[in-house]
Number of protein chains: 2
Amino acid sequence: MITIKEIAARLGMSTTTVSNVIHGKTREVSAETIERVQKFLEEVEYVPNINARNLAQGQSKIIGVVLKSLDFRLWHSSNILNDPFVSEMIGGIESAVREAGYYMMLYISDDIAEIIQRISIWNVDGLILFCMMDDDGNRVAAKYHKPMVCIDTYSSEKKDDFVNVGLDDEKSTCEAVNYLIDNGHRKIGFVTDNRVGVDRARFWGYRKALAEAGIEYSDRDFFLLEPAEEAHGRNIEKLCRRARDYTALFCCSDIYAAIMMSALKERGLRVPEDISIIGFDDNLFSRVCTPRLTTVHQDADRKGRVAVQTLIGMITGKAPATKKIRLETRLVIRDSVRKIE
Amino acid sequence: MITIKEIAARLGMSTTTVSNVIHGKTREVSAETIERVQKFLEEVEYVPNINARNLAQGQSKIIGVVLKSLDFRLWHSSNILNDPFVSEMIGGIESAVREAGYYMMLYISDDIAEIIQRISIWNVDGLILFCMMDDDGNRVAAKYHKPMVCIDTYSSEKKDDFVNVGLDDEKSTCEAVNYLIDNGHRKIGFVTDNRVGVDRARFWGYRKALAEAGIEYSDRDFFLLEPAEEAHGRNIEKLCRRARDYTALFCCSDIYAAIMMSALKERGLRVPEDISIIGFDDNLFSRVCTPRLTTVHQDADRKGRVAVQTLIGMITGKAPATKKIRLETRLVIRDSVRKIE
DNA sequence: TGCCGGGATGGAAGCGCTTACATGAATCTG
DNA sequence: CAGATTCATGTAAGCGCTTCCATCCCGGCA
């Protein structure tokens with residue numbers, strides 16, 4: 001690896017001059033010198049040592065992306081990336097980070113302390129935090145004074161002071177459940193694997209829709225997919241048995257919808273003839289299951305990109321117009337809901 | 001951020017001593033000094049500046065993970081992470097990297113030159129390369145003299161000189177197709193979206209199985225999912241029409257299997273009654289589609305972990321026992337293949 | 001007593017880069 | 001034409017850390 005010093009020596013000039021042309025300070029260097037240096041740089045395929053640069057500049061050009069996995073001890077997998085929603089979002093983040101000339105460092109952990117430790121070491125310029133757990137956003141923000149934007153993070157505290165991009169989960173869900181109600185459904189179950197964050201907001205949307213339609217809610221209407229691996233079989237068996245009392249299920253993600261649909265069909269229930277199902281996310285699952293899933297569409301890729309753009313704005317000194325950035329959703333109607341006459 | 005210098009000053013000692021205790025050089029420092037320093041470090045929550053450290057040591061502690069996306073201009077998505085196989089593998093890599101005390105930097109790009117550029121900048125200690133394109137492994141290795149291990153990378157050149165972890169794709173596929181043949185199938189199609197790398201190896205396995213059973217192969221048996229977005233509809237329509245002449249399809253991934261299954265069922269064909277389907281990977285898709293998919297199981301998480309372990313071995317000066325590391329597969333029999341009497 | 005060895009500590013260079021500031025030449029202004 | 005201004009380039013300090021080497025002290029040994 002050739003260094004700036006070496007280049008300067010070979011060209012018979014100072015490192016300052018070389019550095020200046022590298023940084024495009026055209027008014028400090030004569031045109032011919034620029035030309036000469038640039039040609040030489042290409043010739044030797046100069047690559048800067050970014051550690052040295054960062055040390056000198058006190059920055060890092062790294063954006064830390066934190067996935068708190070504990071919250072996502074998913075029913076179907078211990079790997080948070082296996083959720084297509086997450087992987088698509090990461091894809092969006094990665095592209096946006098790259099296009100902005102930054103680098104992305106990915107941290108997956110269930111321990112916020114460990115994460116902060118690892119991030120601090122690299123002195124990242126900013127942070128994207130994806131964790132559903134209440135108040136982790138606040139906790140990290142309090143500890144770590146760098147630009148940060150959260151994705152899909154809710155807070156139960158009054159003074160949540162982090163920038164957050166997400167959806168209006170309550171409203172989206174309310175609309176979806178209203179769609180079921182409009183189609184004549186009255187016995188509607190709510191399927192999730194947790195009681196926090198996004199899913200809780202969706203739960204309240206579900207409750208709101210029921211209430212507005214004068215449908216009473218009972219705890220039995222809450223279908224909890226349990227994460228414990230060994231309980232899968234029994235858990236799903238029990239849920240399917242309970243589902244027979246319902247004409248429709250709202251599922252907090254397409255994965256759950258696909259899992260439930262598959263399990264119900266295996267036990268002889270027909271979708272949507274016997275039971276209607278509605279999902280959330282609109283990822284590939286919703287298109288390859290049979291029947292194709294009616295679901296709430298959101299743009300995960302865009303969610304990631306918006307988070308990055310907002311963050312980089314903050315890094316470069318631009319406060320976001322609003323702290324709660326909300327993306328649009330829309331109900332995509334396919335074949336998994338039937339109309340009850 | 002407190003620095004070593006500051007700490008040394010506050011403690012009335014030299015930076016050398018502080019550095020020594022940080023690095024656990026116990027024989028260079030007296031027990032009581034160690035004690036004092038450690039206590040102080042904790043007190044002020046010292047975090048090293050890794051840029052400075054790396055600069056001084058000429059290392060980086062970063063493992064670069066490169067996904068070459070062009071090869072994966074997937075039929076169903078432009079985001080390579082959306083393939084559950086990939087996301088699970090990344091999950092494995094991430095865990096292994098973290099557990100080994102390294103950091104992971106993820107690069108997704110379709111341009112090898114750009115990737116090398118970005119990697120060189122960070123002076124990564126080693127590289128994990130995931131790209132199906134022939135010979136990219138060789139090209140990167142020739143250009144970039146750092147430890148590197150490829151995943152699922154094939155080479156058409158004689159002198160492929162990179163370490164590679166993958167499967168015996170040919171054998172795995174051969175076994176799967178033999179299973180179809182044993183079940184009485186003679187008209188067996190091969191479904192993929194490309195003609196390179198892993199899928200080509202699988203193709204030869206498929207051909208081998210046919211040949212051994214005395215079944216003639218014709219180009220018509222090759223079902224190509226075309227990536228071009230606008231052609232999806234027509235493409236899938238045509239494939240489904242052609243599929244009516246077959247009693248079974250071998251698909252190079254569970255995703256393709258799920259997509260084909262869904263499309264076929266939409267057009268009134270029953271799986272497996274009218275047509276049997278077999279997939280590859282054994283990811284979540286295979287379990288939530290109906291009927292549940294018979295598929296070749298591989299352990300993507302392990303693939304990632306093995307790659308990392310091998311790489312770190314190389315970084316620390318341990319050559320791998322073999323350059324071609326092959327993981328096991330096994331056929332998982334579920335419900336998507338029927339026996340023809 | 002004088003010398004040696006080793007344990008504990010410190011001094012200082014250097015990793016590759018950026019940047020504030022200095023220098024000197026050329027150009028401009030009234 | 002003196003002084004001010006601009007342009008082009010160089011000098012050197014410093015970013016925070018590691019590490020080679022020097023120094024000093026003390027006990028052991030002949």
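Reminder, nothing fancy here: chain letters follow the sequence lines and each chain counts from 1.
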For this session: Please state how far atom CD1 in Ile50(B) lies from atom C1' in dG16(C), giving the value in whole angstrom units.
Result: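 Ile50(B) atom CD1 is separated from dG16(C) atom C1' by 17 Å.
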- Would you kindly give the CD-to-C1' distance between Glu32(A) and dC7(D), to the nearest whole Å?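 Taking CD of Glu32(A) and C1' of dC7(D), I get 13 Å after rounding.
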Does a side-chain N-to-carboxylate-O contact under 4.0 Å join Glu94(B) and Arg98(B)?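 Result for this pair is yes, salt bridge flagged.
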According to a strict under-4.0 Å criterion, is [X] in side-chain N/O contact with OP1 or OP2 of [N]?
X: Thr17(A); N: dG10(D); result: yes
X: Thr15(A); N: dT18(C); result: no
X: Thr3(A); N: dC15(C); result: no
X: Tyr46(B); N: dC17(D); result: yes
X: Ser14(B); N: dG10(C); result: yes

Please classify the nucleic acid contact of [X] as base, sugar-phosphate, or nothing, using heavy-atom distances under 4.0 Å.
X: Thr16(B); result: base
X: Met1(A); result: nothing
X: Gln57(A); result: sugar-phosphate
X: Ser19(B); result: base
X: Ser30(B); result: sugar-phosphate

For the residue pair [Y] / [X], report whether a side-chain donor-acceptor contact shorter than 3.5 Å exists.
X: Asn82(B); Y: Ser87(A); answer: yes
X: Ser60(B); Y: Asn123(B); answer: no
X: Thr17(B); Y: Ser14(B); answer: yes

- From the list dC17(C), dT18(C), dT18(D), which nucleotide is the closest neighbour of the side chain of Ile4(B)?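 Out of dC17(C), dT18(C), dT18(D), the nucleotide with an atom closest to Ile4(B)'s side chain is dT18(D).
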Out of dC15(D), dT9(C), dC17(D), whichever nucleotide has its closest atom nearest the side chain of Ala56(B) |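 The listed nucleotide nearest to Ala56(B)'s side chain is dC17(D).
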Determine the interplanar angle of the Trp122(B) and Trp122(A) rings, folded into 0 to 90°, and report it as parallel if under 30°, tilted if 30 to 60°, perpendicular if over 60°.
->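 Aromatic pair Trp122(B)/Trp122(A) classed perpendicular.
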**Study point:** 5' priority, DNA chain C, between Lys5(A) and Glu28(A) [closest heavy atom]
**Key:**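 The residue mapped nearer the 5' terminus is Lys5(A).
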